[in-house]
Structure formats: structure tokens, C-alpha cells
Visitor: 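Here's a structure for you.
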Amino acid sequence: MTEFGQVVGPRMVRIERLIAAPPARVWAYITESEKRRKWLAAGEIEPRVGGRVEMTWRNWELAGENDPAPEKYAERTEYSMVGEVLEYDPPHALAYTWPQGGQMTEVRFALSVEGGKTRLVLTHANLPSRGHMVGVSSGWHTHLGHLVALAEGRPTGAFWSLFKRVEAEYEKRIPADA
């Protein structure tokens with residue numbers, strides 16, 4: 001496992017994390033709106049295949065006062081999306097559609113037990129461009145850092161300063177022809 005996400009197919013990235021928490025706790029942070037709001041976005045996920053997924057991001061709530069957003073994200077604007085549940089198998093797998101760049105992409109969370117911890121594998125597929133791959137990888141990397149900290153009962157730390165560092169790294173890591 002590497003800390004950084006990997007390009008694993010055409011317009012597809014995967015990020016893995018090993019979390020010192022049981023799968024049920026990680027699952028709750030992925031599927032329950034109030035818990036998910038603390039690391040990603042608020043909104044309901046209907047617990048069934050074909051169910052509606054609604055998410056609203058307020059990334060400024062994840063950042064501290066001394067953690068300014070990059071210029072392109074400085075305005076405190078909510079971002080919302082609506083998708084559809086493609087797979088729902090608690091506490092093992094959740095997949096849903098995610099509108100990105102004018103098309104539907106697919107996000108999949110897979111959870112498994114490994115040595116008393118939870119392995120989380122996140123895959124985001126069907127991304128429209130390399131630029132989207134860099135942005136999505138940077139975002140997931142940063143948001144998952146918050147998820148891991150929360151699931152393990154630790155403080156989340158800075159949001160935007162981490163995002164800026166990993167965005168620069170993903171710019172280098174994701175090939176031009178990805």
C-alpha cells in the first residue's frame with residue numbers, strides 16, 4: 001500500500017488506507033450524513049441499490065482558521081451533487097455515481113478486515129480528464145486523511161495545507177496520458 005493514490009486503469013484512480021478501527025465504525029463514517037459531514041460532505045444515502053445519493057460539501061468547515069483555502073477554493077460556496085447507489089453491502093461495499101465534468105463517474109468504497117484493522121480501498125472511475133484525476137485524487141487523499149483520523153479517534157488536522165501539498169504531488173505523479 002502506498003500513501004498516494006494510483007492510476008489503475010483508463011481515467012481511474014485508487015487510494016487505499018489501513019484504519020485502526022472496526023469496519024462498522026468506518027462504514028458509519030462513510031454512510032451516515034452527520035459523521036460523513038465531518039470528513040467529506042453531508043447528505044443522505046438511501047441504503048439500497050438504486051437509492052439516491054445527495055451530498056453537499058462545505059470544505060471550509062473542515063479547515064481551521066489558520067488554514068486558508070487555495071485561491072480557486074477561497075469563496076465559501078457549497079457544492080452539491082446527486083447520484084445513484086450502484087452497490088450497497090454493509091459494511092463491505094458501497095458504490096455510487098458521481099457527476100464530474102459533465103458526465104457520471106463511479107465511486108466505490110470496499111472495506112475488509114486486515115490484522116485487526118480495516119482496509120479501505122476507494123476507487124473513482126470514468127473520470128473525464130487528467131485534470132479531473134489530479135483534482136479528485138487530491139480531494140480524496142485529503143478527505144480520507146480526515147476520515148482515518150476521525151475513525152481512529154484522533155484530531156483531523158489541517159485540511160487545505162494538506163490539499164495544496166498533495167495536489168502538487170499528484171500533478172507530478174499522474175501521467176500526462178492518463
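The first residue in the sequence is number 1, and the count goes up from there. No hydrogens, no waters, no symmetry mates; every other heavy atom, side chains included, goes into these values.
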Visitor: Taking C-beta and beyond as the side chain, do R165 and Y170 meet within less than 4.5 Å on heavy atoms?
Guide: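 No - every pair of side-chain heavy atoms lies 4.5 Å or more apart.
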
Visitor: Does any donor atom in the side chain of H132 or S129 lie under 3.5 Å from an acceptor atom in the other side chain?
Guide: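 A donor-acceptor contact under 3.5 Å links the two side chains.
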
Visitor: What side-chain donor-acceptor pairs closer than 3.5 Å can you find for residues 157-164, not counting sequence neighbours?
Guide:
| from | atom 1 | to | atom 2 | distance (Å) |
| --- | --- | --- | --- | --- |
| K164 | NZ | P68 | O | 3.3 |

Visitor: Apply the test side chain to side chain contact (heavy atoms under 4.5 Å, CB included) to residues I30 and L120: give CA-CA distance (whole Å), side-chain angles for both, the deciding distance (0.1 Å), then the verdict.
Guide: CA-CA 11 Å; I30 292 170; L120 178 143; 3.8 Å; yes

Visitor: Let me confirm one number: the CE-CD1 distance from M133 to I174, rounded to the nearest 0.5 Å.
Guide: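 Reported value, rounded in 0.5 Å steps: 5.0 Å.
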
Visitor: Is there a donor-acceptor contact under 3.5 Å from the side chain of S33 to the main chain of G43?
Guide: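 Yes, S33 side chain to G43 backbone: donor-acceptor pair under 3.5 Å.
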
Visitor: Which atom names give the shortest non-hydrogen contact between A125 and T105, and what distance separates them?
Guide: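 In this case the closest contact between A125 and T105 is O-CB, 3.2 Å.
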
Visitor: How long is the span from the OH atom in Y88 to the CD atom in E46, to the nearest 0.5 Å?
Guide: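 Those atoms lie 11.0 Å apart.
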
Visitor: For the pair W140 and W39, name the ring-plane relationship: parallel under 30°, tilted 30 to 60°, perpendicular over 60°.
Guide: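 Rings of W140 and W39: tilted, as their planes differ by 30° to 60°.
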
Visitor: Mind listing the closest non-hydrogen atom pair of E167 and S138 along with its distance?
Guide: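 Closest approach of E167 to S138, heavy atoms only: CA-OG, 3.1 Å.
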
Visitor: Find out if a path of hydrophobic residues (ILVMFWY) with successive side-chain heavy-atom gaps under 4.5 Å connects L111 to V85.
Guide: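 Same hydrophobic cluster.
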
Visitor: Hey, are W98 and H124 close enough side-chain-wise for a donor-acceptor pair under 3.5 Å?
Guide: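 Checked: H124/W98 side chains show no N/O donor-acceptor pair below 3.5 Å.
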
Visitor: Of the non-hydrogen atoms in A93 and E87, which two are nearest, and what is the gap between them?
Guide: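 Reported closest heavy-atom pair: CB-OE2, 3.4 Å.
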
Visitor: Would R52 and E54 count as a salt bridge (charged side-chain N to carboxylate O under 4.0 Å, His left out) here? Give the steps.
Guide: CA-CA 6 Å; R52 185 177 170 92; E54 296 182 35; 2.5 Å; yes

Visitor: Please determine whether side chain to side chain contact (heavy atoms under 4.5 Å, CB included) holds for the pair E3 and I15, giving the CA-CA distance in whole Å, both sets of side-chain angles, and the decisive distance to 0.1 Å.
Guide: CA-CA 8 Å; E3 179 182 350; I15 299 176; over 6 Å; no

Visitor: Could you give the distance from OG1 (T142) to CG (L147), rounded to the nearest 0.5 Å?
Guide: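 CG of L147 is found 12.5 Å from OG1 of T142.
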
Visitor: Using the test salt bridge (Lys or Arg N to Asp or Glu O under 4.0 Å), find all partners of E44 that sit at least two apart in sequence or belong to another chain.
Guide: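 Salt bridge (Lys or Arg N to Asp or Glu O under 4.0 Å) check on E44 returns nothing, list empty.
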
Visitor: Can you name the residues that form a side chain to side chain donor-acceptor pair (under 3.5 Å) with E61, not counting sequence neighbours?
Guide: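 Residues passing side chain to side chain donor-acceptor pair (under 3.5 Å) with E61: R37.
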
Visitor: Please report the closest heavy-atom contact between E152 and A20, naming both atoms and the distance.
Guide: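 Shortest heavy-atom separation between E152 and A20 comes out as OE2-N, 2.8 Å.
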
Visitor: Locate the shortest heavy-atom distance separating A151 from A21; write the atom from each residue and the value.
Guide: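 Heavy-atom minimum between the residues: O-CB, 3.4 Å.
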
Visitor: Can you list the steps and then say if R130 with E171 is a salt bridge (charged side-chain N to carboxylate O under 4.0 Å, His left out)?
Guide: CA-CA 9 Å; R130 179 191 178 275; E171 277 290 350; 3.1 Å; yes

Visitor: Rounded to the nearest 0.5 Å, what separation is found between the NE2 atom of H141 and the CG atom of L144?
Guide: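 H141 NE2 to L144 CG: 8.5 Å, rounded to 0.5 Å.
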
Visitor: Check the pair I45 / L94 against side chain to side chain contact (heavy atoms under 4.5 Å, CB included), numbers first and verdict last.
Guide: CA-CA 10 Å; I45 296 175; L94 172 66; 4.1 Å; yes

Visitor: Any chance you could pull the hydrophobic cluster mates of M12, using side-chain heavy atoms under 4.5 angstrom and chaining through other members?
Guide: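 Joined to M12, directly or through intermediates: V8.
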
Visitor: Spell out, yes or no, whether V121 and V7 are grouped together once hydrophobic residues are joined by side-chain heavy atoms under 4.5 Å, including indirect joins.
Guide: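 The answer is no; the residues belong to distinct hydrophobic clusters.
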
Visitor: Determine, using the 4.5 Å side-chain heavy-atom cutoff (strictly less than), whether W57 and M104 are members of one ILVMFWY cluster.
Guide: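 Hydrophobic grouping puts W57 apart from M104.
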
Visitor: Answer with yes or no whether the hydrophobic clustering places V136 together with V82; edges join I, L, V, M, F, W, Y residues whose side-chain heavy atoms lie under 4.5 Å apart.
Guide: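 No.
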
Visitor: If I take atom CG from residue L127 and atom OG from residue S137, how far apart are they, to the nearest 0.5 angstrom?
Guide: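 Reported value, rounded in 0.5 Å steps: 7.5 Å.
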
Visitor: Does the side chain of H146 come within less than 4.5 Å of L62's, by heavy atoms?
Guide: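 Counting from C-beta outward, L62 and H146 do come under 4.5 Å.
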
Visitor: Just wondering, do P22 and V26 contact through their side chains at under 4.5 Å, heavy atoms?
Guide: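 Not in contact.
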
Visitor: Can you find a pair of side-chain heavy atoms, one from P128 and one from Q100, that are under 4.5 Å apart?
Guide: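 Side-chain contact under 4.5 Å: yes.
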
Visitor: For E16 and R14: C-alpha separation, side-chain torsions, deciding distance, then whether salt bridge (charged side-chain N to carboxylate O under 4.0 Å, His left out) applies.
Guide: CA-CA 7 Å; E16 296 185 36; R14 179 180 66 217; 3.3 Å; yes

Visitor: When you measure from the centre of the six-membered ring of F4, is the NZ or CZ of R173 closer than 6.0 Å and no more than 45° off the axis?
Guide: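 Positive - R173 is close enough to the ring of F4 and near enough to its axis.
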
Visitor: Not counting sequence neighbours, which residues clear salt bridge (Lys or Arg N to Asp or Glu O under 4.0 Å) with R25? List them please.
Guide: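 Once residues adjacent in sequence are excluded, R25 has no partner under the salt bridge (Lys or Arg N to Asp or Glu O under 4.0 Å) criterion.
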
Visitor: List the residues meeting salt bridge (Lys or Arg N to Asp or Glu O under 4.0 Å) with E84, not counting sequence neighbours, and say none if there are none.
Guide: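 None.
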
Visitor: Would L122 and V113 show up in the same hydrophobic cluster when neighbours are defined by side-chain heavy atoms closer than 4.5 Å?
Guide: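 No, separate clusters.
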
Visitor: Does T97 form a side chain to side chain contact (heavy atoms under 4.5 Å, CB included) with L86? I'd like the steps, not just the answer.
Guide: CA-CA 7 Å; T97 60; L86 302 172; 3.9 Å; yes

Visitor: Would you say that M55 contacts L40 through its side chain, given a criterion of any heavy-atom pair below 4.5 Å between the two side chains?
Guide: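 A side-chain contact under 4.5 Å exists here.
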
Visitor: To the nearest 0.5 Å, what is the distance between CD (E114) and CD1 (I19)?
Guide: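 Separation between the atoms: 11.5 Å.
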
